[in-house]
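Report on one structure; see the data block that follows.
Worth saying up front: this structure is predicted, and the values here are computed from it rather than measured. In what follows, every chain begins at residue 1, and chains take the letters A, B, ... in the order their sequences are listed.
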Amino acid sequence: MSFHTFASVRESQAVPEEVVTRFAPSPTGYLHVGGGRTALFNWLWARRTGGRFILRIEDTDQKRNTPTAAQQVMTDLRWLGIDWDEGPDVGGPNGPYCQSERRDLYDRHIRQLLDEGKAYYCFETSEDLDAMRQEAETRKTGFVFRRPEQFPSEQDAQKARAEGRPVTVRFAIPQDGPIVVNDLVRGQISFNPAELADFIILKSDGFPTYNFACVVDDRLMEVTHVLRGQEHLMNTPGQQALWQAMFPDAPLPKYAHMSVTVSDSGGKLSKRERPKALRTAIQALPDLDTAILAQVGGISEEEVQTFLAGESVPDMPAIDAIAKHIGVHLPEINIVDFCKSGYLPETLVNFLALLGWNPGDQREVMRAEELIESFDLARLTKSNSLFDRQKLIAFNTEYLRMLPGEKVLGHLKAYLTEVQSPLLKADDETLLRIIRLCEGARTLEDIDNKSRFLFVEDDKIEFDEKAVKKVLLKAGALDVLQVVRDRLARMDEYTEQALEEMLRGLAEEKQVGLGKVAQPLRVALCGTTISLSIFDSVNLLGKERTLARIDAALERFRNQVQSE
RNA sequence: GGCCCCAUCGUCUAGGCAGGUCUAGGACACCGGGUUUUCAACCCGGCGACAGGGGUUCGAAUCCCCUUGGGGCUACCA
């Protein structure tokens with residue numbers, strides 16, 4: 001693996017004939033939708049142009065990184081179907097692809113900047129800086145770090161280090177005229193350098209900052225196009241100035257700042273929404289038992305308390321577990337959340353692509369190949385877009401309908417594993433059959449909900465209180481059920497067709513709608529009012545188990561009817 | 001507060017850069033009806049937008065300015 005030196009980089013005349021894009025997440029947790037969209041757009045552009053797509057891990061913040069997060073991000077990207085040509089796991093010519101492993105590279109560039117007088121040492125502590133900001137605020141002026149008349153010397157830096165004071169390096173933003181960013185989405189944007197702070201490029205822990213490392217890496221990794229969210233727009237003049245200070249002969253990468261995806265609750269979609277929604281849901285609970293919540297979440301009761309007070313946030317598994325326990329649906333934010341809610345990756349890719357981009361005609365449902373074919377930077381949208389979950393569901397319904405059964409089967413199995421459904425016990429053939437019977441389902445969760453009763457032990461059926469009350473305990477319901485039981489027992493031919501004839505015949509005899517017959521039966525078999533068509537339900541369960549469940553329900557609820 | 005971005009139905013958007021063909025098109029949602037064994041799905045119909053004000057022009061959703069509104073950034077986070 002050969003590293004570019006500062007000098008060699010300068011000499012090389014980079015002519016980017018090939019498009020190179022990158023996705024550069026910081027490994028702080030799960031990949032969230034916003035990140036997924038950014039990754040997708042960069043990937044689409046690389047694939048569209050036949051260029052390269054790089055995955056780079058921006059792990060320069062030691063406090064925030066978690067060891068498994070990079071792996072998790074890669075898993076989430078793969079689930080979406082996004083692959084990369086260069087990255088930490090697959091390597092590549094311009095690696096390594098984790099910034100924490102590139103420190104000598106950054107050091108070299110910092111050294112050069114320092115030597116050329118384009119950057120300078122700083123010894124303020126965080127507290128000093130905070131105080132300065134405070135003061136600026138009371139004066140109601142914007143805070144811009146004031147550059148010293150004379151840059152501290154190498155000796156000053158050594159002395160400061162010896163005294164145990166923090167030493168950072170700041171980039172001196174050139175003040176010789178406005179910095180003009182030529183954005184592919186927004187056109188020319190001009191910034192006054194006097195209003196841009198000399199930002200820190202080397203932290204006191206020896207790690208570079210994002211704003212610096214990203215510029216060095218984009219250059220060394222030959223990145224030609226930077227597609228990212230609008231939240232990075234204000235970083236761009238600084239990064240651009242840095243680039244020109246370090247690589248004056250290399251053309252700048254092309255920047256495209258995409259619109260932000262906002263949440264229906266206001267600002268941009270944030271990871272905090274899930275815990276926030278859970279907190280609200282818990283607080284609305286009629287009877288609050290923090291001990292139980294702590295137990296299901298696998299956390300201490302104290303953690304629950306501080307969480308409810310808004311002082312802390314438990315980790316995701318705890319949040320998921322508690323939400324599941326109290327039965328609230330949390331808004332999906334991370335890519336895995338969508339997976340766990342039964343969405344298909346195809347749906348998400350399609351939907352995300354349409355957030356801030358469109359093909360220019362009236363197509364909406366588009367597979368990845370089609371997206372690649374049609375993708376074009378010129379059609380990126382300027383205004384923010386709201387993440388519309390209803391439309392997402394509509395898209396998922398569409399994909400569930402149009403994807404071949406085999407494909408759905410693969411996704412369904414992954415989903416069932418994720419949520420540990422009893423349906424996992426079914427073989428592929430049965431699953432495929434169930435998928436066919438669930439035409440019109442909106443999510444994989446729907447499929448699971450409608451058919452998991454088939455694989456729950458007969459005596460482990462959970463009866464939904466409302467369903468029981470509304471259906472089973474209604475006058476005459478159990479009597480009908482008894483008749484159904486008797487006729488079922490006498491059937492020698494137990495086929496879907498015969499079942500339908502029998503049940504319809506019975507309804508006709510009794511002069512009632514089929515619902516009066518089907519619903520009590522359904523609740524007896526499934527515990528809920530939601531299942532496959534009643535004929536399919538009875539048929540798939542099999543005669544023996546059907547009879548057993550009816551008998552159990554009869555026995556259990558007869559008493560209740562009487563006692564009420 | 002400062003800097004920056006944005007502005008078409010409730011939502012995502014087409015149209016805008018090259019002004020007339022826009023009584024503004026599509027999709028999702030919603031409303032009404034149909035189908036119906038649950039949940040869905042499905043079918044038919046309907047409601048619904050150029051933020052406001054000034055210009056420029058024969059003519060503005062489209063170009064310019066202002067106002068208003070929304071968003072982003074303002075860290076030794078990325």
Side-chain angles (χ1 to χ4, degrees), chain A residues 24-28 58-61 63-64 122 124-126 129-130 133 136-137 139-144 166-170 181 183 185-187 189-192 195-197 199-205 207 209-211 213-214 229-237 257 259-260 262 264 266-268 351 354-365 378 381-395 397 400-401 438-443 446 449-450 467 471 500 503-504 507 513-519 521-523 526 528-535 537:
Chain A
S26 65
T28 54
E58 310 226 323
D59 52 351
T60 53
D61 184 352
K63 290 182 282 292
R64 295 208 315 167
C122 257
E124 280 79 10
T125 64
S126 300
L129 261 11
D130 284 344
R133 264 188 286 272
E137 199 167 324
R139 280 204 320 265
K140 292 223 281 201
T141 58
F143 172 68
V144 178
V167 177
T168 58
V169 176
R170 281 180 194 266
V181 172
D183 190 83
V185 177
R186 286 152 218 287
I189 307 161
S190 182
F191 296 88
N192 177 0
E195 286 164 353
L196 262 23
F199 55 94
I200 291 180
I201 55 178
L202 188 72
K203 300 187 259 187
S204 57
D205 65 1
F207 277 81
T209 57
Y210 154 75
N211 272 315
C214 130
Q230 194 208 251
E231 61 266 30
H232 287 287
L233 190 54
M234 293 303 283
N235 293 143
T236 311
H257 288 93
S259 58
V260 173
V262 299
D264 40 17
K268 64 173 179 176
F351 188 73
L354 255 22
L355 244 36
W357 176 84
N358 69 77
D361 49 40
Q362 292 187 331
R363 282 177 299 165
E364 288 204 314
V365 175
T381 291
K382 288 181 189 171
S383 45
N384 293 171
S385 43
L386 192 134
F387 192 86
D388 184 354
R389 295 171 191 282
Q390 307 239 58
K391 189 150 182 167
L392 211 219
I393 289 184
F395 265 58
T397 309
L400 235 22
R401 183 190 309 286
C438 284
E439 205 203 331
R442 309 183 333 163
T443 62
D446 282 354
N449 284 159
K450 281 178 156 194
V471 177
E500 177 157 2
L503 290 170
R504 284 198 193 278
L514 185 53
K516 286 271 188 270
V517 178
Q519 285 302 79
L521 178 55
R522 190 190 309 276
V523 176
C526 314
T528 76
T529 57
I530 300 169
S531 83
L532 300 171
S533 114
I534 193 63
F535 316 118
S537 296

Taking B/G54 as the reference, what is the distance to B/U62 when you measure between their P atoms (whole Å, please)? 14 Å
For B/C39, does either OP1 or OP2 sit under 4.0 Å from a side-chain N or O belonging to A/R442? no
For nucleotides 1-7 of chain B, print each protein N/O atom paired with a nucleotide N/O atom at under 3.5 Å, atom names and distance only.
| unit_1 | atom_1 | unit_2 | atom_2 | d |
| --- | --- | --- | --- | --- |
| B/G1 | O2' | A/K140 | O | 3.2 |
| B/C5 | O2' | A/R186 | NH1 | 2.3 |
| B/C5 | O2' | A/Q230 | OE1 | 3.0 |

If you look at every strand shown and take non-hydrogen atoms under 4.0 Å, does A/P25 touch a base, only sugar-phosphate, or nothing? nothing
Would you classify A/D130 as touching base, sugar-phosphate or nothing, given that sugar-phosphate means primed atoms plus P, OP1 and OP2, and contacts are heavy atoms under 4.0 Å? nothing
Is A/T60 near enough to B/A78 that one of its side-chain N or O atoms lies under 4.0 angstrom from OP1 or OP2? yes
Classify the nucleic acid contact of A/H232 as base, sugar-phosphate or nothing, counting any heavy atom under 4.0 Å across all strands shown. base
For A/E124, is there an ion pair with A/R170 - N to carboxylate O distance below 4.0 angstrom? no
Can you check whether A/R363 has a side-chain N or O nearer than 4.0 Å to OP1 or OP2 of B/A14? no
Ranking B/C76, B/A41, B/A29 by distance to the side chain of A/S204, first place goes to B/C76
All N/O contacts under 3.5 Å from nucleotides 22-26 of chain B to the protein, with atom names and distances to one decimal?
| unit_1 | atom_1 | unit_2 | atom_2 | d |
| --- | --- | --- | --- | --- |
| B/G25 | O2' | A/Q362 | NE2 | 3.3 |
| B/G26 | O4' | A/Q362 | NE2 | 3.1 |
| B/G26 | N2 | A/E364 | OE2 | 3.4 |

Any strand counts, and the cut-off is 3.5 Å on both contacts for Watson-Crick or G-U wobble. Which nucleotide pairs with B/G16? none
Sort out the partner of B/C30 for me: Watson-Crick or G-U wobble, both distances under 3.5 Å, none otherwise. B/G46
Look at atom NZ of A/K203 and say whether more than 12 heavy atoms of other residues, nucleotides or ligands are closer to it than 6.0 Å. yes
Looking across every strand, which nucleic acid part, if any, lies under 4.0 Å from A/S385 by heavy atom: base, sugar-phosphate, or nothing? sugar-phosphate
Indicate, with a heavy-atom threshold strictly under 4.0 Å, whether A/E137 touches base, sugar-phosphate, or nothing. nothing
Has the side chain of A/T168 got a donor or acceptor atom sitting under 3.5 Å from an opposite partner on the base of B/C76? no
Within the pair A/K450 and B/A41, is there a side-chain N or O less than 4.0 Å away from OP1 or OP2? no
When you measure from the side-chain N and O atoms of A/R64 to the phosphate of B/A78, is any distance below 4.0 Å, counting only OP1 and OP2? no
Please classify the nucleic acid contact of A/E439 as base, sugar-phosphate, or nothing, using heavy-atom distances under 4.0 Å. base
